[in-house]
2 protein chains.
Amino acid sequence: MQGRDKDEGGERTGHEAYDNGEAYDRRAYEPFAVTVDLAVFTIRSGRLHILLVERGQSPYAGRWALPGGFLRPDESAERAARRELAEETGLADVAGLHLEQLRTYSEPDRDPRMRVVSVAFAALVPDAPQAHGGGDAARAAWLPYGTGAQGPGPLAFDHDRILADAHERIGGKLEYTCLATAFCPPRFTLGELRQVYEVVWGTDLDPANFRRKVLATPGFVEQIPGASRLTGGRGKPAALYRAGGAVWLHPPLLRPTPERPEGPRP
Amino acid sequence: MQGRDKDEGGERTGHEAYDNGEAYDRRAYEPFAVTVDLAVFTIRSGRLHILLVERGQSPYAGRWALPGGFLRPDESAERAARRELAEETGLADVAGLHLEQLRTYSEPDRDPRMRVVSVAFAALVPDAPQAHGGGDAARAAWLPYGTGAQGPGPLAFDHDRILADAHERIGGKLEYTCLATAFCPPRFTLGELRQVYEVVWGTDLDPANFRRKVLATPGFVEQIPGASRLTGGRGKPAALYRAGGAVWLHPPLLRPTPERPEGPRP
DNA sequence: ACAAAAGTGTTTATGTTACACCCATGA
DNA sequence: TCATGGGTGTAACATAAACACTTTTGT
């Protein structure tokens, strides 16, 4: 609902007629701080990594947290997220990166100081853009996903939950969309593409069957004629591909083990 | 991001070190109004219906809109949405209904009067709970989904977009979750369950194959021994089932036509 | 008797899985 | 020449689609 009922003080609009007879009181208009949080994934040396920043002040001083920031008055959450992504990664061409709204976290007690509603995003970055610049007091770093409880202890606020949700979303989307190419550089081998699935899902895939599956999906990848590259120094040079125009995978490429994550969050 | 950077005025925290050197100004803290919008679906007389309320005042006076309202200071968006759902539908046992966060809409100009960030939810109601009570100036009604541009003209604000997103989300989730039972009463026939798919997807399904598929998925439905019911007065009485404990469908029940909705929204 | 919907069976096509096997390269 | 990863082939298996057919009800 938009700001209806707010303009004329005390007026009972049609909407209130269905509000069990009680009109909105002033508290209903109390404002919130709105932020964005980013779960930025990349694949580095065969492992899934996540971009984190170290908090310099209370609460959760010294803890790692997801990067993010406040919405500015003239920008949408998507714009704010892309701006933060550019700032935190130091990447110049943020325009083409995959950025996807996850969900909004609004538990009243998620920030001990004030009421903050945060719109969370998941972002995929082809490769570690750089070791990450900046860096005096507050650091930012790519940490391996899932090291203990996110490396050095749990994340600040509810960011462990957000991160887990983001990982599950990405893993699920690999099944039925062409999202995997968003993790890859402009030109990639099918082995690299397969590694995306293996790293995110934490499973091994049959290279032969994976290859057939990908090539059988029109528009998933396009071969770059004549191009090839050595991968890892050993083995036969692999053909290079670029992302195709398709966005959906039909039929889907399901996780090997149908074990779905438990819980009431379908 | 939580309210970091807000507590001590003018202090530059570690986070700002990555903000291209510019500190947040006061505008960054400007508050927003936060609301929830609900896309409440049900199936009535073989058609998909959506719960709408008629706006009584400007802007968009006289237009239909999604029900919703402001977040109260002490409740999460989920709680606010469930509260609104109870108020708008008049249902008493809202606890078991399916309510799912869709996404958050935050375009700066989506409300002409003020800055409103809205968390949208999709809800599924087993049957038309009632013709809908209340009713003087502002009406609320179940309208068939997709009648022209939502029956009497386009919806208020960006609600057409929200509604389309909600419909697409529901349709997609039917493919790989057991969500369909949320549209059904506690005891239902497989024909009624199939109708959910047909109505939401707008396609016909083979009753025989659908039956096999559902029964082959453990935990999707459980037969109620001995019970049966006439459906529509004609035909053989159908066995009755209740929802099982499973939440995921493996393998998925894909839409007959792999035609996915166009657009850059995978 | 007929229409309608439930429910069963069967055939065909399609997709998936698990391998065996060859190819090209660096060490 | 050996290890390594790319790339091809193929048979066994599982799933999905199409459709014929029987059953049980109301009209």
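These figures come from a predicted structure and were not determined experimentally. Proteins get letters first, then strands, A, B, ... in listed order; numbering begins at 1 in each.
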Residues two or more places apart in sequence or in another chain: which of them pass salt bridge (charged side-chain N to carboxylate O under 4.0 Å, His left out) with A:R194?
->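 In terms of salt bridge (charged side-chain N to carboxylate O under 4.0 Å, His left out), with neighbours along the sequence ignored, A:R194 is linked to A:E198.
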
Partners passing salt bridge (charged side-chain N to carboxylate O under 4.0 Å, His left out) against A:R234 (at least two apart in sequence or in another chain) |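 Residues passing salt bridge (charged side-chain N to carboxylate O under 4.0 Å, His left out) with A:R234: none at all.
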
Do A:Y145 and A:H167 have ring centres separated by under 6.0 Å?
->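 Between A:H167 and A:Y145, which both carry aromatic rings, the centre distance is below 6.0 Å.
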
Are B:Y176 and A:Y176 an aromatic pair by the rule of ring centers under 6.0 Å?
->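 Judged by ring-centre distance (under 6.0 Å), B:Y176 and A:Y176 do meet the cut-off.
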
Spacing of [X] atom [atom1] relative to [N] atom [atom2], expressed in whole Å:
X: A:R194; N: D:dG6; atom1: CZ; atom2: P; value: 5 Å
X: A:L190; N: C:dC23; atom1: CG; atom2: P; value: 20 Å
X: A:Y241; N: D:dG6; atom1: OH; atom2: P; value: 11 Å
X: A:L193; N: D:dG5; atom1: CG; atom2: P; value: 17 Å
X: B:L215; N: C:dT8; atom1: CG; atom2: C1'; value: 12 Å
X: B:F210; N: C:dG9; atom1: CZ; atom2: C1'; value: 20 Å

Side-chain N or O of A:R211 closer than 4.0 Å to phosphate OP1/OP2 of D:dG6 |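 For D:dG6, OP1/OP2 do not have a side-chain N/O of A:R211 under 4.0 Å.
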
Does the side chain of B:R229 get closer than 4.0 angstrom to OP1 or OP2 of D:dT25 through an N or O atom?
->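 For D:dT25, neither OP1 nor OP2 has a side-chain N or O of B:R229 closer than 4.0 Å.
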
Report, one pair per line, the protein and nucleotides 16-23 of chain D atoms (nitrogen or oxygen only) whose separation is under 3.5 Å.
residue: D:dA16; atom: OP1; partner: B:K213; partner atom: NZ; Å: 3.0
residue: D:dA16; atom: OP2; partner: B:K213; partner atom: NZ; Å: 3.2
residue: D:dA18; atom: N7; partner: B:N209; partner atom: ND2; Å: 3.0
residue: D:dA18; atom: N6; partner: B:N209; partner atom: OD1; Å: 3.2
residue: D:dA18; atom: N6; partner: B:R212; partner atom: NH2; Å: 3.2

Assess B:R212 against B:F210: is NZ or CZ under 6.0 Å from the centre of the six-membered ring, and within 45 degrees of the ring's axis?
->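 Here B:R212 fails the 6.0 Å and 45° test against B:F210.
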
Where each residue is assigned the nucleotide of DNA chain C containing its nearest heavy atom, which of B:P207 and A:P237 is assigned the position nearer the 5′ end?
->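 Nearest-nucleotide comparison on DNA chain C picks B:P207.
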
Are A:R103 and B:E78 close enough for a salt bridge, meaning some N to O gap below 4.0 Å?
->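 Yes.
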
